[in-house]
Amino acid sequence: MSYVPNTQEEQEAMLAHLGFSSLEDLLTPVPEEVRLRRPLDLPAALSEPDLKRLMGAMAAKNKHTESTISFLGAGSYDHAIPSVVTHLQRRSEFVTSYTPYQPEVSQGMLQATYEFQTMVCQITGMDVANASLYDGSTALVEAVLMALGPGGRGEIVISAAVDPQYRRVLQTYAFARGFAIKEVGIENGLTSLSELKSIVGPQTTAVVIQQPNFFGNIEDVHAIEPVAHQGKTLFITAITEPASLGLIAPPGSYNVDIAVGELMSFGNSMSYGAPALGFIASKQKFMRLLPGRLVGQTVEEGGKKQTGYVLTLQTREQHIRRERATSNICTNQSLLAVGATIYMAALGKQGFRELAELCLQKAHYAFKQITAIPGFEPAFTAPFFDEFVIKAPVSASKVEKQLEQAGLIGGYDLSESYPGMDNAILFCVTETRTKEDIDLLVKVLKEVQA
Amino acid sequence: MSYVPNTQEEQEAMLAHLGFSSLEDLLTPVPEEVRLRRPLDLPAALSEPDLKRLMGAMAAKNKHTESTISFLGAGSYDHAIPSVVTHLQRRSEFVTSYTPYQPEVSQGMLQATYEFQTMVCQITGMDVANASLYDGSTALVEAVLMALGPGGRGEIVISAAVDPQYRRVLQTYAFARGFAIKEVGIENGLTSLSELKSIVGPQTTAVVIQQPNFFGNIEDVHAIEPVAHQGKTLFITAITEPASLGLIAPPGSYNVDIAVGELMSFGNSMSYGAPALGFIASKQKFMRLLPGRLVGQTVEEGGKKQTGYVLTLQTREQHIRRERATSNICTNQSLLAVGATIYMAALGKQGFRELAELCLQKAHYAFKQITAIPGFEPAFTAPFFDEFVIKAPVSASKVEKQLEQAGLIGGYDLSESYPGMDNAILFCVTETRTKEDIDLLVKVLKEVQA
Amino acid sequence: SVESLIFEKGAPGRRAVRLPAMDVPTESLDELIPASLIRQEAATLPEVSEIEVVRHYTHLSQRNFGVDSGFYPLGSCTMKYNPKINEDMAGLPGFARIHPLQPANTVQGAIQLIYELEQYLAEISGMARVTLQPSAGAHGELTGLMLIKAYHQSRGEGHRNLVLIPDNAHGTNPASATLADYKAVEIKSDDKTGGIDMEHLRTVLAAHGTNVAAIMLTNPNTLGLFDSNIAEIGRLVHEVGGQLYYDGANANAVLGITRPGDMSFDVVHFNLHKTCSTPHGGGGPGAGPIGVKAHLVPFLPGPLPAKNDDGYYWQDAGPQSIGKVRANLGNFGVLVRAYTYIRSNGPDGLKHVSESAILNANYLKHELSKDYEIAYPYICQHEFVATAQWQKDQSGVTALDIAKRLLDFGMYAPTTYFPLIVHEALMIEPTETETRETLDEFVKVMRQIAEEARTEPEVVKTAPHTTVIGRLDQALAARKPNLRWQPGQELTHA
Amino acid sequence: SVESLIFEKGAPGRRAVRLPAMDVPTESLDELIPASLIRQEAATLPEVSEIEVVRHYTHLSQRNFGVDSGFYPLGSCTMKYNPKINEDMAGLPGFARIHPLQPANTVQGAIQLIYELEQYLAEISGMARVTLQPSAGAHGELTGLMLIKAYHQSRGEGHRNLVLIPDNAHGTNPASATLADYKAVEIKSDDKTGGIDMEHLRTVLAAHGTNVAAIMLTNPNTLGLFDSNIAEIGRLVHEVGGQLYYDGANANAVLGITRPGDMSFDVVHFNLHKTCSTPHGGGGPGAGPIGVKAHLVPFLPGPLPAKNDDGYYWQDAGPQSIGKVRANLGNFGVLVRAYTYIRSNGPDGLKHVSESAILNANYLKHELSKDYEIAYPYICQHEFVATAQWQKDQSGVTALDIAKRLLDFGMYAPTTYFPLIVHEALMIEPTETETRETLDEFVKVMRQIAEEARTEPEVVKTAPHTTVIGRLDQALAARKPNLRWQPGQELTHA
């Protein structure tokens, strides 16, 4: 399949028009010493039907959430996508456009992004938000870089109850950028308040927690906040399960400076974890330090002074400020932001809360049923949202295999990221799981026991 | 799930504004004696996720052509649908519009339909075509009604090699309308020329054949045509497999008066056989007798005299002419016509011929391989396109069951429609079947033999 | 702005689709097909690349207005919102990619869906059985008349040759009657009530009762008025041995409120693309299932879905069946959407659909009544007929002009000049899926147009002004029909 | 025409989505969450019905221009046609609906796809291995610089703190250098050739060579010119111990023609949303895989896909790995599209992509050269830079004005004012997927604009005239930033 429209004859005519005799003539600027003089060693071109057959077979090798009951969360959440979201998000005018440099013909994407920024503020309770970032983990990095400021030196205190992948990504950037990281340990599945108090000091640039944290537990943010706000320290919160915001106090209500997180699960397919949808929101005073694109409302210069939308505060950005930019971000996740915007509009004020209630209650039902099985113990007693940790009587991988044999995908094996947490499994139950699904899980777990 | 946007409070406010106190007040014109005073006995409303789960499970009970290798044709053909067709056809401006009564805001559908009419003419070689009809069978009925004219009496001669379903439908209309039908028998899988000659006479209104006929065989239309054109008799040809027109002489080349057929397989999903896409095309002189919608090119009344498209010759139609209309057609198959139009544009001049070549050659390869199996005999020696009839050593239903066990869907059991054709199976092989698929079929058939 | 035809684009040798490579040994064409039967000249289909196909049909879509684009108050057409989940369900490979001749055991889900949908529609309409075979409303009408004909013949009353049809009926009714070889007899409407003129009906029945095969009615009728004499009409027609046919075009007004079966109808058709929210697709596909009372069941087209301990299967029609009215089993893709809709709404939801459609129509009627003559100033059901009579008398502005002017405001137009018994008719059906704000916006625009008709009628008479093209020359189109592009054709009229 | 914000629509209590019923026994909220941690005020999300959602976002889409709408000659962005099959493959439930933490045996197809795509990209770039983890080009740049940093540190050369970047480089290059804690050093371009000023490079290397960590280049560069000194540059930088980083933004020019690896680069990033036709989505998502030579492989982020007799699996990164640069495994949905594209084209097809992109660019350059100054009048590769200098000198018409005027003709604008070294730059990249007719139409329009600039410059200076909105007040937007709607907010500036 070729997407080059012009035929060989037409290309020859064009070449002749330019005074060339072959396509090769146009490659003379490429010195022979660097020319590739053999065909690329790649599989031959396939027609659409052949390719669909091939890739359909590859896709069929994957168990997916439409065909398999899964209790995996741990940073990626299965929330149902209303049909209306996908139909609208896939409109080709959105899909095939680029960064709206020419606002006169890009009002659709600009306005949708302005709506996205607003909704992020609405659900987080923060003042301003940007147009999206790659994912939650890099959004956290950007928040930390905002806190560190130009030069990027300083010390970041982060809870060990923050998603292990996020912490690993932050470590990588710390290596490159040259800042320090200290981790605060865990007590009863929550950030250890005593350890936090002992670690935070005048040298601390920012304190980072996750809410609900990686174990699904709800941190006592009111106790953490004053500690996190000692001196000039900034308080950063990461949110990986945005459904929680329907019921749980949002960062804006507990004096967070910068809130970041992941919104992929709102209207976008999981796609093996990415493309994801990082968000960043802050207090008003940090607006000009925000990374990435910002869309602002303005009016026509002349004419009817109609309201319109533009990319704004671009002097923060790499294409203008180059080495002095607030970030190197160019590409973001606009199309996913459109999806999340439509999702949140469709879910609406009532639906947002109901979603959270469904997740909360179903997870607690599952928790009760599982912990009623002899040998399956709750790992913690802290309050949780839609994820919880169970200590199983056997290793998590053993449990996982038995669930797999029953056609289920179980929870996340915590020993992978938390050495010492043997037999600990992080289960997630969102609104997409029915009572029947949960009861089946419990039934199989009982057999594990036996 | 409710699609009523206004809330109860809003509805109450609207009612109050009108001076009513309840919705019930608006139902006073409905006499109590005909009121339904109980809830409809239907299943309770389901949310979108619940409904998707339910219907996903129903759909999963069906074997479909993406997951199953099938050799069924017999009027419904599996041609690959390029991705581009579905993406464009599903644009909501096409999908959610109605018959383009207001041309100023319906130029898209009108122009696409004009292109459809043109393409039908291009592939059939006919002069004019309409905007579509329900399906091939009812298109055949409409052609016959055109031939019969007002009053609808007369005698139609139809080949027994025309799709049995089409003939059954014609019978139904003949009953209602009061015309006579005579069937011409089959010789070597072709319309019996001698029988045709003996049946056609001054009383004959029209002669109907199918090309390729129901057995996939290619009729000798040049021999049939002079017989069909005795006196004032009209010659009607039905085409159920439009891919054949890429290689086989089109009706326009053998003096057909009215060509009808089925274009669903061009760009539209099979959907258990319907919605389908009937077409009708004729010689220029029958233009004003055509049933259904016609789109014509014209110009603006004023302004720039831009070219535009309108529904035209509407005085033929029911909404104007009422009991004297050429047909009772109102709804047609516009959206499928858009799909077929995009498909034919995407396939293009070269692709149209290549499609036919693939079908032809693959079917003949399959024919050769199957007839090489001892016990599997060709039923006929006539030339064929992409379907052929095999006489199996056992009953067709026995063969079918064995194929099913191997995960295949076999051909069509001809004894269902042609009493006496025991053990005869109509196999179809289009471009969607690979050599591997065919070889698998042959392998399984060999085992049937054993 | 003009979008040229696809035939005017591209260049020789260009192509979009690439087909799979030939993977079987080939034989020469001549050996497979006699030379005289081989196509000589290639079909002159377009030669365009994929990007040209995409941009062309994207542009065409952008030149088209649908329900998703805005308000579509097209009377009698029930242009309600088309839920997106319906499309997704119809697109599931297990529904979209199945062959009509597959063995029943390989399509259990499909037959189940048809089986259950038949039951739902029977309950909604108050009928004994339903066939899902007819492709559209008009097709359902014809099928219904065939059943009635078969029924009368079975009783030795094949001579009945008249079908009574009110003067405000849809055009399909008389056309279907003709097609079924009946003679249509017009029944007058009562000028005052808008319902059937009962005296006229009695007169006709008295004169021709023994020849009456059926009466075709829609209730509420095309004026949006519920004919409260319906039970009496039923008694009168049944008394002379006629059958009652219910044109379901207006069924969006009666869901859960009344049922054709309870109104004494013997046959009813549904327009699933109206009542059950399946998209109109620019004119189709639709689906026109018909439901019948028990005495007509033996005549239904076949096969019909059935169920036993082994599962679902297709039962052949019995000996009295009229046969088949189309190939295969009905517009399955449309049926899947209708099934989805019924299951989405449930019994309460469906009733609320009709109530809300009625409320919206009455609200609009009330709001417009200051500026437009309302043909029948009663409580309407799902639609009503306004007129441009005041405007016409005043300044010569017609219903057509008002329709065109509406297009300038991003709204589609009402149905105009129908029903035929109302002069300068503007037939308005808002449907239940419109918000109060949209109705208010429509009222505002209609009020502005009425004002323009008074103060600057030329603005209305020359509308539309903001569309991609202005009013088109219909007379030219009909006088010199150009129904297809020809190679080398200049834009004929440009 | 204005489309109001979704927040300004709807009414209290309205809703689109209905969630499933609660099917488990519930407990009171207070018992589950401490009161102080419960949300007090509901988020003020919209309260709108489904039809309002549909019409609103349909209208927004109609106010947006994409590649499917028309020509998009945005230099450096490679706005080529996005094949629809790519979308369909990415939408298969087996690809779209899988969780990143699923056990490897349940996602064999996904890992296989990643494994094979890595091999294809390694072959295309001439590199030893590729990581698909980075989310975008700039992310790839940063990741590449981290690898270079880790590499130098591993050799005890952690002091190297300079990254050389040409003055015509993309802004992401210096920004990424800063982010990786490097100091960006600008290398001048040669005024005449448009390539690296070799003398300046030699001077910098002589002065600072031992502190040079890397040089970042794109070749062809942002002028669309292939720097034929590339091999020499490689030798010079390698000699002083520096690494060569290839910015793959312009890779659409080199497929099958030359490879960064063969040009002596050590690291390369791909912009799959440019080169491999995955849609830009209004600014993202993209994907920025990076390929590296063997000596950098130990530092790659992990995990990496691997294969043994049991199938595909994820191999943890080794001890020298820089870690992870994002959560999970890379933009899989984008990778599926890129995989589809590479398999669709095959080796010959990919080379033809680049050749055709180069031909289209040279054709446009030639045709425009009569009316516009061409910054560097040489054979270009996939793009070139024209300028509005003549127009500016003549009548004050700027590159911005010309860009705006183009919008009136249904075309997007070129990139303007970049690269920074060219005044009034119009950076034009037609891509290989445009037809000759489209190029000719663009030339015609550009010629008309040049003519207008001469004869009626005001038309150009006040453009656009036909878009849904005119030029917007950027200064106001930056001076009084309004980045979100607030309840009760008037349209701030209306």
Side-chain angles (χ1 to χ4, degrees), chain B residues 1 4-5 23 29 39-40 42 44-45 58-59 61-66 72 88 91-93 95-99 104-105 107-109 118 122-123 134 137 165 172 176 269 271-275 296-299 303 307-308 312 318-319 322-323 325 328 331-335 346 348 365 435, chain C residues 15-16 23-24 26 43 45 57 60-61 63-68 92-94 96-97 99-100 106 108-109 135-136 138 146 171 174-176 178 180 184 226 279-286 323-324 327-328 331-333 344 346-347 355-356 435 467 469-470 472 477 482 484-485 491 493-494:
Chain B
M1 185 64 208
V4 173
L23 290 167
L40 287 168
L42 295 172
M58 282 170 85
K61 289 190 208 156
N62 302 325
K63 282 196 183 178
H64 58 81
T65 55
E66 273 180 25
L72 268 177
L88 293 165
R91 299 265 311 163
S92 68
E93 294 91 337
V95 174
T96 71
S97 67
Y98 192 49
T99 305
E104 299 87 348
V105 293
Q107 284 297 296
M109 185 54 79
T118 302
Q122 289 171 336
I123 64 171
Y134 306 139
S137 72
Q165 294 204 69
T172 305
S269 60
S271 292
Y272 207 27
Q297 198 183 61
T298 184
V299 297
T307 299
T312 193
Q318 49 75 25
H319 63 291
R322 300 180 74 84
E323 68 273 13
N328 74 333
T331 294
N332 60 15
Q333 307 295 103
S334 294
L335 191 63
Y365 171 75
K435 179 169 179 298
Chain C
R15 57 190 308 170
D23 63 350
V24 296
T26 62
L45 288 176
Y57 292 102
L60 289 192
S61 76
R63 297 163 72 83
N64 219 58
F65 187 96
V67 170
D68 283 9
L92 290 171
R97 317 264 331 235
H99 191 287
T106 67
Q108 282 294 296
S135 314
M146 288 176 177
S176 297
T178 299
F226 197 92
H280 285 64
K324 279 178 82 70
N328 301 320
N331 280 347
F332 183 71
S344 291
E355 290 172 338
S356 304
T435 63
T467 49
I469 200 162
L472 289 152
N482 172 341
R484 61 170 295 196
W485 175 86
L491 286 184
H493 315 288

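All values below were derived from every heavy atom in this structure, side-chain atoms included, with hydrogens, water molecules and symmetry-related copies excluded. Just so it is clear: chains get the letters A, B, ... in the order the sequence lines come, proteins before strands, and each one is counted from 1.
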Name the option with the most non-hydrogen atom pairs under 4.5 Å to chain B; the candidates are C:Gly346, C:Ser356, C:Gly284. C:Gly284
Best-contacting candidate, C:Glu355, C:Arg97, C:Gln108, C:Arg15, against chain B by heavy atom pairs under 4.5 angstrom: C:Arg97
Looking only at side chains, do B:Gln297 and C:Asn482 share a donor and an acceptor under 3.5 Å apart? yes
Please classify the contact between B:Glu323 and chain C as side chain, backbone, both or neither, with a heavy-atom cut-off of under 4.5 Å. both
Nearest-0.5 Å distance that lies between atom CH2 in C:Trp485 and atom CD in B:Gln122: 6.5 Å
With chain C as the partner, which of B:Ser97, B:Pro5, B:Ala44, B:Ser92 has the greatest number of non-hydrogen pairs under 4.5 Å? B:Ser97
Given C:Gly286, C:Gly323, C:Gly94, C:Gly282, the one with more heavy-atom pairs under 4.5 angstrom with chain B than any other is C:Gly282
Nearest-0.5 Å distance that lies between atom CG in B:Asn62 and atom CE in B:Met58: 8.5 Å
Taking B:Arg91, B:Gln107, B:His64 one by one, which has the highest count of heavy-atom pairs under 4.5 Å against chain C? B:His64
Among B:Thr99, B:Thr312, B:Thr172, single out the residue with the greatest number of heavy-atom pairs under 4.5 Å to chain C. B:Thr172
Minimal non-hydrogen separation, B:Ala45 against C:Ser344, with atom names: CB-O, 3.2 Å
If we ignore hydrogens and angles and just use 3.5 Å, is the side chain of B:Glu93 paired with the main-chain N or O of C:Arg63 as donor and acceptor? no
Side chain, backbone, both or neither: which part of B:Leu88 has an atom under 4.5 Å from a heavy atom of chain C? side chain
Answer yes or no: is there a donor N or O on one side and an acceptor on the other, between the side chain of C:Asn331 and the main chain of C:Gly333, under 3.5 Å? no
Between B:Leu335, B:Thr331, B:Asn328, which shows the greatest number of heavy-atom pairs under 4.5 Å with chain C? B:Asn328
Heavy-atom pair of closest approach, residues B:Ser269 and C:Ala96: CB-O, 3.5 Å
Only pairs of heavy atoms separated by less than 4.5 Å count here; which of C:Asn64, C:Leu92, C:Asp68, C:Val24 has the most with chain B? C:Asn64
Comparing B:Pro275, B:Gly348, B:Gly273 against chain C, the one with the most heavy-atom pairs below 4.5 Å turns out to be B:Pro275
At a 4.5 Å cut-off on heavy atoms, which part of B:Leu23 comes close to chain C: side chain, backbone, both, or neither? side chain
CA sep, side-chain torsions, deciding dist, call: B:Met109, B:Tyr98, side chain to side chain contact (heavy atoms under 4.5 Å, CB included): CA-CA 9 Å; B:Met109 185 54 79; B:Tyr98 192 49; over 6 Å; no
Please report the closest heavy-atom contact between B:Ala176 and C:Met146, naming both atoms and the distance. CB-CG, 3.5 Å
Name the region of B:Thr118, side chain, backbone, both or neither, that has any atom closer than 4.5 Å to a heavy atom of chain C. both
Most heavy-atom pairs under 4.5 angstrom with chain B, which of C:Gly109, C:Ala175, C:Gly283, C:Ala16? C:Gly283
Identify the two heavy atoms, one from C:Leu472 and one from B:Gly308, that lie closest to each other, and give their separation to 0.1 Å. CD2-CA, 3.8 Å
What part of B:Tyr272 gets within 4.5 angstrom of chain C, counting heavy atoms only: side chain, backbone, both, or neither? both
